[in-house]
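Right, one structure below, let's go through it.
Residue numbers begin at 1 in each chain, while the letters A, B, ... track the order of the sequences.
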Amino acid sequence: MKIQSVRGMNDVLPADSAAWQHVHAVAAQVFAAYGYGELRLPVVERTELFKRAVGEVTDVVEKEMYSFEDRGGEALSLRPELTAGVVRAGIEHGILFNQQQRVWCTGPVFRYERPQAGRYRQFHQLDVEAFGIATPDADVEVIAIAAQLWKRLGLSGFELQINTLGTPGCRAKHRAALIAYLEQHEAGLDEDAQRRLHSNPLRVLDSKVPATQAIVEGAPKLLDYLDEASIAHFDAVKAGLDALGIAFRVNPRLVRGLDYYTHTVFEWVTDQLGAQGTVCAGGRYDGLVEQLGGPKTTGVGFGLGIERLILLMGVQQVAVTSNAPQVYICRMGAAAEVQALQLAEALRDQFPTLRLVLNAGGGSLKSQLKRADQSGARYALVIGDDEAAAGSVQVKSLRGEGDAFPCPRSDVAAELGSRLAL
RNA sequence: GUGGGCGUAGCUCAGCUGGUUAGAGCUCUGGAUUGUGAUUCCAGAGGUCGUGGGUUCGAGUCCCAUCGUCCACCCCA
C-alpha cells in the first residue's frame, strides 16, 4: 500500500509554486504599503483559545477542529483560523494596550471537512488585522487593502458584499426576538431551519425553502434593532467605499459563521469558483480582545483563502512572475566541464538575481539542449572542447532570437547582462 | 456526516452485449544528424486494470465490500 498524503492536504509542486510565491510577494508588498507588520505564529494553540474566540457552538469548533492531547495532557488544536492566534499573541506581548496596531499573518489552517473544489482540510490564509481603531475608517482601510491586492494581482470580477451586525447588544436583542418569532412558527419551518433555529438563527433568514421563506418575510429585521451609532458607523463605511470607488452591495442576509463579529461584516465573492465563491471575508470584532482576557480594544480584519485565490488566478489566467531558469549551460569534455563550472559560479556571483542551470549528469549535447529548452531558459551557453581551447562560449538563443554565435569568455557576463537586463 | 460521478502506463484517456498476448496520444530514452533544442521520421522503455472477495469455462468489463479521488449538500477561506 502506497502511503499518500492525508485527505484534503495537498502538495504544491514546483510547477505550481510560482503562483504561490507571486501571491506572497505581492501580498507582502501590499500590506507593507499600508503599514502593516508581519506576525508569525505557531500552528498549534490551546483548544480553549478557539472555543472562546470562535464560539463554542459554531461548526468550526464543534466538528471541524483537529484537536488532541499532547504528551503532557494539554488540550491542543491545529488552528482553524488565524485571528484567534493573532489576538492571543497581541495580548501576550502587550502590543494591544492603549495603542493602534496594524498586523498581518499567513500560514496553514486546518478544518476537518469533506474536501471539494476550493475547500481543503489544510488550507492557507492571508490575514490582516487592525487593532485599536474604533472608527469606520479602519473598516474601509481593511477592505481597501483587499481591493488593492486584487488590483496588483490582476484579478477582477469580484462582488463585495457588506452588512452590519451592530453592537453585541442590538445583535443579542434581535437574536432573541428572532428566535422567539421562529419558535412560534416552528412547525412550519423545514427541517434544516428547525435545526438552525437555535444553533444559527440568522441562517434561517437565508433559507431557499418556500414555506420557510414565507415565515421569514415577517421575521424581526436586524435593521430595526440597530442603534443610531451602529447605523452611523455603517453609513460611514459605505461613504468611505464610495469615496474610493469600491463598488459594493449591501446584503442584509450576510452573516459570518464565527461568533466574534460586530458592526461591519463583508465578503469578496466570485461566481467563477463553483460552490465555494468566497475568496476573502472578514469584519469588525470589537469585543474579541477583551473576551480573550486582553484590554478593551477594537479590531477589524479579514481572512483570505490562498487556494481559492490561486484557483481564481488560474481561471482568469493572470500572469505570474516566472522562476524558470534564464540560462542553461551545456558542457562536454573534461576541460570544458571545469570551465563551465567556474563560469556558472562567476555569473551567479556577478548577477545575484540570475537564474542559471549548469548541466549535470552528462549527456550528449543534443540531450543537454533538450533539457535546456524544457527548463524554459531563454539562452543556452555551449562549452565543448573547441570553445574551451579558444577561450570562448557559444551563446545560443532558444527562443528564436537569431543564430548562435561565439562569444569570448570574458565578454559573456556583459552579453548576458544586457540581453537579460540584469 | 449525507448524496452522486470516477479509479486502466509518469500524465490525459479508449477498451462494444464478458472472449486470445490490454491500446492510443503526450512525456521519457536512443537513433536518423561524431557537437546543436523546440518541427519531422524510426525504434525502445513504461501496466498488481485501486484493493479484497464473488459469479463464470473465461472478468479491465457483471455483483458485493472496501479504500482513494472529484463534485455537491451542511458549513466555510
Checklist entry - For A/Leu222, which residues count as a side-chain contact (heavy atoms from CB on, under 4.5 Å) partner, sequence neighbours excluded? => result A/Leu165, A/His174, A/Leu226
Item to check | Donor-acceptor side-chain pairing of A/Thr106 and A/Gln125 below 3.5 angstrom | outcome: no
Distances under 3.5 Å between nitrogen or oxygen atoms of protein and nucleotides 3-13 of chain B:
unit_1: B/G3; atom_1: O6; unit_2: A/Arg114; atom_2: NH2; d: 3.4

Checklist entry - For B/C75, does OP1 or OP2 lie under 4.0 Å from any side-chain N or O of A/Gln276? => result no
Checklist entry - Counting side-chain heavy atoms from CB outward, which of B/U36, B/A77, B/C75 is closest to A/Arg111? => result B/A77
Checklist entry - Which ones in residues 306-341 of chain A lie close to RNA chain B, meaning a heavy atom under 4.0 Å from one of its atoms? => result A/Arg308, A/Met332
Next on the checklist: Using whole Å, what does the distance between atom P of nucleotide B/G68 and atom CE of A/Met9 come to?
Outcome noted: 13 Å
Next on the checklist: Side chains of A/Gln122 and A/Asn10: any donor to acceptor distance under 3.5 Å?
Outcome noted: no
Item to check | B/C57 versus B/G15 - spacing of their C1' atoms, nearest Å | outcome: 23 Å
Next on the checklist: If I take atom CD in residue A/Glu64 and atom C1' in nucleotide B/C73, what distance separates them, rounded to the nearest angstrom?
Outcome noted: 13 Å
Item to check | Any A/Arg7 side-chain nitrogen or oxygen under 4.0 Å from OP1 or OP2 of B/U69 | outcome: yes
Next on the checklist: Show every side chain to side chain donor-acceptor pair (under 3.5 Å) that has at least one partner inside residues 391-404 of chain A, sequence neighbours left out.
Outcome noted: A/Asp373-A/Arg399, A/Arg378-A/Glu401, A/Tyr379-A/Glu401
Checklist entry - Is there a residue in residues 31-47 of chain A whose heavy atoms reach under 4.0 Å of RNA chain B, and which residues are they? => result none
Checklist outcome for this item: The correct set of residues in residues 356-366 of chain A placing a heavy atom under 4.0 Å from RNA chain B is A/Leu365, A/Lys366
Checklist outcome for this item: Separation of B/U51 atom P from A/Ile3 atom CD1, nearest Å, is 18 Å
Checklist entry - When the distance from NZ of A/Lys63 to P of B/C75 is rounded to whole Å, what number comes out? => result 8 Å
Next on the checklist: Please report the distance, rounded to the nearest Å, between CD in A/Gln116 and P in B/U2.
Outcome noted: 16 Å
Item to check | Polar side-chain atom of A/Glu129 near backbone of A/Val103 as donor-acceptor pair, under 3.5 Å | outcome: no
Item to check | RNA chain B stem ranges, 3 or more consecutive Watson-Crick or G-U pairs under 3.5 angstrom | outcome: B:1-7 with B:67-73, B:10-13 with B:23-26, B:28-32 with B:40-44, B:50-54 with B:62-66
Next on the checklist: Over all strands shown, is A/Ala117 touching base, sugar-phosphate only, or nothing at heavy-atom distances under 4.0 angstrom?
Outcome noted: sugar-phosphate
Checklist outcome for this item: Among B/C75, B/U69, B/C71, the one nearest any side-chain atom of A/Glu113 is B/C75
Checklist entry - Between B/U48 and B/G35, how far is it from one P atom to the other, in whole Å? => result 36 Å
Item to check | Atom pair CG/CG of A/Leu82 and A/Asp127 - distance to nearest 0.5 Å | outcome: 4.5 Å
Next on the checklist: What residues from residues 379-400 of chain A pass a heavy-atom cutoff of under 4.0 Å to RNA chain B?
Outcome noted: A/Val382, A/Gly384, A/Asp385, A/Asp386, A/Glu387, A/Gln394, A/Lys396, A/Leu398, A/Arg399
Next on the checklist: Side chains of A/Asn359 and A/Arg371 only: does a donor on one sit below 3.5 Å from an acceptor on the other?
Outcome noted: yes
Checklist outcome for this item: By side chain to side chain donor-acceptor pair (under 3.5 Å), A/Ser364 pairs with (sequence neighbours left out) A/Ser367
Item to check | Carboxylate-amine/guanidinium contact A/Arg102 A/Glu141, below 4.0 Å | outcome: yes
Checklist entry - Taking only residues two or more places apart in sequence, or in another chain, which ones meet A/Glu186 in a salt bridge (charged side-chain N to carboxylate O under 4.0 Å, His left out)? => result none
Next on the checklist: Has A/Arg171 got a side-chain atom pairing as donor or acceptor with A/Tyr261's backbone, closer than 3.5 angstrom?
Outcome noted: yes
Checklist entry - Within 45° of the ring axis of A/Phe110 and under 6.0 Å from its six-membered ring centre, is that where the NZ or CZ of A/Arg79 lies? => result no
Next on the checklist: Please tell me whether A/Arg52 and A/Gln291 have a donor and an acceptor in their side chains that are separated by less than 3.5 angstrom.
Outcome noted: no
Item to check | Distance, rounded to the nearest Å, where A/Leu78 contributes CG and B/A77 contributes P | outcome: 17 Å
Next on the checklist: Taking only the C1' atom of each, what is the distance from B/C49 to B/C6 in whole angstrom?
Outcome noted: 14 Å
Checklist outcome for this item: From CG of A/Leu254 across to P of B/C75 the rounded distance in Å is 14 Å
Item to check | Residue closer to the 5' end of RNA chain B, A/Ala275 versus A/Phe123 (nearest nucleotide) | outcome: A/Ala275
Checklist entry - Does anything in residues 13-33 of chain A pair up under ring-ring contact (aromatic ring centres under 6.0 Å, His included), and if so which pairs, sequence neighbours excluded? => result A/Trp20-A/His124, A/Phe31-A/Trp104
Checklist entry - To the nearest angstrom, how far is A/Glu267 atom CD from B/C75 atom P? => result 13 Å
Checklist outcome for this item: Applying side-chain contact (heavy atoms from CB on, under 4.5 Å) to A/Ile215 and not counting sequence neighbours gives A/Tyr181, A/Leu182, A/His185, A/Leu189
Checklist entry - Base, sugar-phosphate, or nothing for A/Phe302, non-hydrogen atoms under 4.0 angstrom? => result nothing
